[in-house]
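Numbered from 1 within each chain, the chains take letters A, B, ... in sequence-line order.
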Amino acid sequence: MFKPVSTQVDFVKQEHEILDLWERIDAFAALKRLRAKAPRWSFIDGPITANNPMGVHHGWGRAYKDLFHRFKAMQGYQTRYQNGFDCQGLWVEVNVERELGFNSKREIEEFGLANFLTRCKQQVLKYSAVQTEQSMRLGYWMDWNDPDFLRDLYEKIGQDPSQEITVDGPLGEVTGSVEWVVGHLGMPELGGSYFTFSDENNYTIWSVIKSCEERGWVYKGRDVMPWCTRCGTGLSQHEIVTEGYQELTHPSITLRFPLIDKKGESLLVWTTTPWTLTSNVAAAVGPDLEYVKVRQGEEYFYLSEGTLKMLKGEYEVVERLKGTAMEGWRYAGPFDELPAQQDLGGPEAHRVILWDEVGQEEGTGIVHIAPGCGAEDFRLSKEHDLPVIAPLNGDGYFVEGFDWLTALNVKEVAEPIFKNLAEKGLRYKVEDYTHRYPVCWRCREELVFHLVDEWYISMGEQLDKPYSEVTEEEKVANLRYQMMEVVKEDTHWHPSFGLERELDWLRNMHDWMISKKRYYGLALPIWECDSCGNFDVIGSKEELRDRAVEGWEEFEGHSPHRPHIDAVKIACSNCGEVTSRIPDVGNPWLDAGVVAMSTLRYNSDRSYWEEWFPADLITESFPGQFRNWFYSLIAMSTILERRAPFRNVFTYATLLDEEGRAMHKSWGNMIEFNEAADKMGVDVMRWLYINHKPEKDLMFGYHRADEARRRFMIPLWNVYAFFVTYANIDGWKPVKGQQPDYAELDRWILARLNQLVSEVTRRLENFEPDRATETVEAFIDDLSNWYLRRSRRRFWAKAGLDEASDADKNAAYTTLYQVLVTLSRILAPFTPFVVETMHQNLVRTVDEGAPESVHHCEWPVPVKAWSDQNLIDEMALVQALVSMGHAARNAANRKLRQPLAEAAFRVPGSSQEATIRKYDELIRDELNVKKVRLLDTATEAIEYRLKALPKQLGQKYGAKYPAIRQAVDRLEPESAAEKLIAGETIEVDVEGETFTLEPDEVEVRVEAHRGFAAVAEGPYVAALDTELSEALVLEGLAREFVRRVQELRKQADFNVDDQIEVSYNASERLAEAIERHKDYIQGETIAVNLEASSSLAGEHRAEDTFEDEQLEFAVRRIPS
RNA sequence: GGGCCUUUAGCUCAGUUGGUUAGAGCGUUCCUCUGAUAAGGGAAAGGUCUCAGGUUCGAAUCCUGAAAGGCCCA
């Protein structure tokens, strides 16, 4: 006996029961034991930032990750189940600052770096616990840490990082300080997720940087970069993302740069960043632009012709000249009186330079150049040997040397500068200007450009030749081309355009800025000597210990983070001076990029690394990752091994709300993961995710979820519920190894099942999970709306009356059982919960030796004996013909309940005619007709049309095709059609040339004569006899009556096998119909009694009028 | 300015190596079926396949250019 199954099911509640079950039987650990010796399939997880609860967009990626893991595990592989958390970097700092109410770096320093570090680690522990719970709720099977364990570490590290604790690990008990334990999360002795703040991760990055340094790829560079004054840090090329720009309005100024050698004449210059004028050194013009000299009153101005409209008031053009003509003109700068200008030689340097990038879209066509305040400006200063004046410190205040501006914040100087310029007579006009301006993507502060020293890894020169001509010698010296090499040769991208995108990024990638002027993150292993300028890179903890000259004791026992690491000093390898580590921390993409090495124990257990490297799969969302994780992952594995870290990368797009907008908390359209899980159910969520074409943005929401549930979950569940309901009524159980005498329909659905198994396997192996779900949905439709609907009566048949019927019924049960069991396995990677419910009930209740979980089962393979393409084709024809028959009924306005005398078909070819005869009974039943036959094409219902097929004839005769087609149209269709049907060729004459056309080159179409209840499609016709005899009418009425009794049974909530008594009172013709078809009605409604009576017996009653007949009736359940 | 992607029904999307009647789901309207089904079936309405050229007997599909949108870079 199976556990009864209701069609009214609470999927969410059921999912929680399954989670409990998995925990109770420790299902995941059992799976790992089962696959412990199996061949490997390697997965490397892209770390999720452990800084917030998960959003539904994380669910998307995790659904894929779990899908492929489960699929591969069922195929018999042991896989790598390590989740990753991204733990270091500015985003964690920003959130901790927010919690502590800090607004500047100074407050962090006052708070103390050691305390701040602990807070940051706590932040990560807190949210990794939350995300772990959420991922488990999604059904994502990974080597999770117990969330309570993470929370316990959160508490303890907050109390005292140095206190000693003992914890259980996979290899036994482990004892150490809390800080040590936290720093070893994810390591073999502790297991669980990897955390990028682990000691191993940090030290492995050291070895990467060391390896770069040995090849001369590490250098300190000076650059002007986008800078957040609040965070006190630059934003690298990696980080300025879409949201890095905002529409903002700023006051812009147009001002005079008086020309020294032309009295009374000035350049007109425009800027939206007045603070940069303090550091102006040059003015740039476009060499090929047209410039004009205009007179306004007593003054003469120069500007480009295309920007004349910006002038206020009347003007007169007095001269035209090319930009090149202005090169070298000297001018007086707007702030030449400032000491900073004087000291660095600004006034002497001021001149007009040429720059191709100058345009006329805005401003005056003359661009003010301040190399200390802009990236392009800085580049130009190198080209033209201009002084670099940098006005701001890292917090956005003017530095010494700027007189009255010194110590003012950059945000408050615009107005005073305008005033100052007006007093000096340089101001021309001030206007508000709206533009897209870069902001800090973490704190939304407006960015400025700031001159700063940063550390870089050289990507290598961009050579002026195609990749194919780069020599091995050049590659050895050049990281860029090594990375392109491993990507081209060893990686596969899904979708495939990912490869092009990644290569494009690599071709154009600038040197990788790896430093950050912050506190919490990788301690860059660079010790720089103040006295000789040399720097040393340390490649490991051991190397540091060996070279330490002071501070080692203070550091030992701590994780390699600030402030403890900063205590360690080494002797400069060049001059022997005691040197300190640079204060910078690392770019967080170093942390994420190294995991293909660190988490595979590259430095600690090389044989393990060799077994699992490279990953068979990585998968992440593609916006951003080409230049972030994919890039850094490839970079680090290329640096160390010159190998690709993964074979396949599966990427997907962006998750949006149902209206197609990005989800934002502040917009109120954000859906919390937990809320979604408990409203939709995670099986539905997962189906929604996986069913979507990955490279397209996914619009996610409750309506979509309802649709997915209706389209997929409910039909699946209903088939399952149907099976269990009737199997229980009959006490049916599967018998192992039994080969029942399958009916045609059974063999058909089993053949379709085989098809499904092959197709889903192929799709998953090709990384096309969305196509796999399409295949499943089509199958479930066939199963539910054809197989089961057509088979219902076989299940209803009364048991024990007749041997043939019992055998047939057993075949039907066996078939449906096999389908459901196989389906539960096919679907296990997609919707792991609902299929576990099915497995437990269908399989475990009848076979205690069966796998404890559906997820321990093996992936289905097609059963050879079940394959039957011919049968599938036949059934497809039958389905199509039935569909046409329904259409014909509809056109003739004959509803299905009314039996008709006959349906007649025309099909091309004798084998299809045989199919009609073979499925005679099915078609009759489906269309409710008494007889099915073939149309006599000569006399009945149809006429022929010929169609010269373009594909065949076009390819064969090319340009002659149109004429041939016309000739075919002119043929007498009946006789030509007869020939073609008989398999003979026909001939057409075109301009004196005779063409012989094969039967497969001309399609014979048929059309129904007007006035027939017939539908034609291509070569097919379905026609109905719509004449109604009295007998047919009465039978129709009987069916109407049955329908109404069934309706009442349902309303009365009787069981499907309850016996009933019916009494009725009907008008004359209806009463006759009921009387004549009494047996049929009783059989259909399980009525032991059917009596005409003026007084109705039974508490459930109904009355109705239809087809001009009156009816009242009552039903009563007979107690069993 | 450069790279990649997208543009097909009211909405969301399919559309195989080019083949002449461009499909599905949802939504709307009408009809219908139901002994598992908040299901199912049939039909109607709804398309200048973003635009302009080109190649071809034939273009949603290939080529060129343009426009709009997205992602990335400069």
[X] [atom1] to [N] [atom2], straight-line distance once rounded to whole Å:
X	N	atom1	atom2	result
A/L949	B/U21	CG	P	11 Å
A/E777	B/A14	CD	P	14 Å
A/E774	B/A14	CD	P	9 Å
A/D1058	B/G35	CG	P	15 Å
A/E1047	B/U34	CD	P	10 Å
A/E695	B/C4	CD	C1'	13 Å
A/D706	B/C11	CG	P	21 Å
A/F622	B/U6	CZ	C1'	10 Å

What's [X] touching, base or sugar-phosphate or nothing? Going by heavy atoms closer than 4.0 Å.
X	value
A/Q1046	base
A/R1039	sugar-phosphate
A/E1084	base
A/I1086	base
A/K693	sugar-phosphate
A/G1083	base
A/Y726	base
A/L788	base

Flag yes if more than 12 heavy atoms outside [X] fall under 6.0 Å of its [atom1] atom; otherwise flag no.
X	atom1	value
A/E991	CD	no
A/R763	CZ	yes
A/K956	NZ	yes

Legend entry - Residue whose nearest RNA chain B nucleotide is more 5′ - A/D504 or A/A721: A/D504
Legend entry - First encountered from the 5' end of RNA chain B, between A/L783 and A/R965: A/R965
For [N] and [M], measure between their [atom1] atoms and round to the nearest Å.
N	M	atom1	answer
B/U6	B/U61	P	14 Å
B/A14	B/C62	P	15 Å
B/G46	B/G2	C1'	41 Å
B/C63	B/G18	C1'	13 Å
B/G47	B/U56	C1'	25 Å
B/A43	B/G54	P	40 Å
B/G10	B/A66	C1'	28 Å
B/C5	B/G23	C1'	24 Å

Can a side chain N or O of [X] be found less than 4.0 Å away from OP1 or OP2 on [N]?
X	N	result
A/R1049	B/G35	no
A/R711	B/C26	no
A/K947	B/G19	no

Hydrogens and angles aside, do [X] and [Y] bring a side-chain donor and acceptor to less than 3.5 Å of each other?
X	Y	result
A/Y813	A/D730	yes
A/W786	A/E926	no
A/N691	A/R711	yes

Suppose we define a pair by two distances each less than 3.5 Å, Watson-Crick or G-U wobble; what does [N] pair with here?
N	result
B/U64	B/A52
B/G58	none
B/C30	B/G42
B/U37	none
B/G1	B/C73
B/G25	B/C11

Legend entry - Spatial distance of atom CZ (A/F712) from atom CG (A/L688) [nearest 0.5 Å]: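 A/F712 atom CZ to A/L688 atom CG measures 12.0 Å (nearest 0.5 Å).
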Inset, instruction - Nearest 0.5 Å please: distance from the CE atom of A/M509 over to the CE atom of A/M484. - result: 13.5 Å
Legend entry - Stacking check A/W796 vs B/G35 (5.5 Å / 30 deg):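 Yes; by the centre-distance and plane-angle rule, A/W796 counts as stacking on B/G35.
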Legend entry - A/M713 versus A/D683, closest heavy-atom pair with distance: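 Where A/M713 meets A/D683 most closely, the heavy atoms are CE-CB, 3.8 Å.
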Inset, instruction - Report, as a single string ordered 5' to 3', how protein heavy atoms within less than 4.0 Å touch nucleotides 37-43 of chain B: B base, S sugar-phosphate only, - not at all. - result: B-SSBBS
Can you tell which of [options] lies closest to the side chain of [X]?
X	options	answer
A/W505	B/C57, B/C72, B/G35	B/C72
A/E707	B/G19, B/G25, B/G70	B/G25
A/R771	B/G70, B/U34, B/G15	B/G15

Legend entry - Geometric cation-pi criterion A/R1044 and A/F1113, 6.0 Å radius, 45° cone: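 Verdict for A/F1113: no cation-pi partner in A/R1044.
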Inset, instruction - Measure from NZ or CZ of A/K809 to the centre of the six-membered ring of A/F795, then state whether that distance is under 6.0 Å and the direction lies within 45° of the axis. - result: no
Legend entry - Presence of donor-acceptor pair under 3.5 Å, side chain of A/K696 and base of B/U12: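 Answer is no: no donor-acceptor pair is held.
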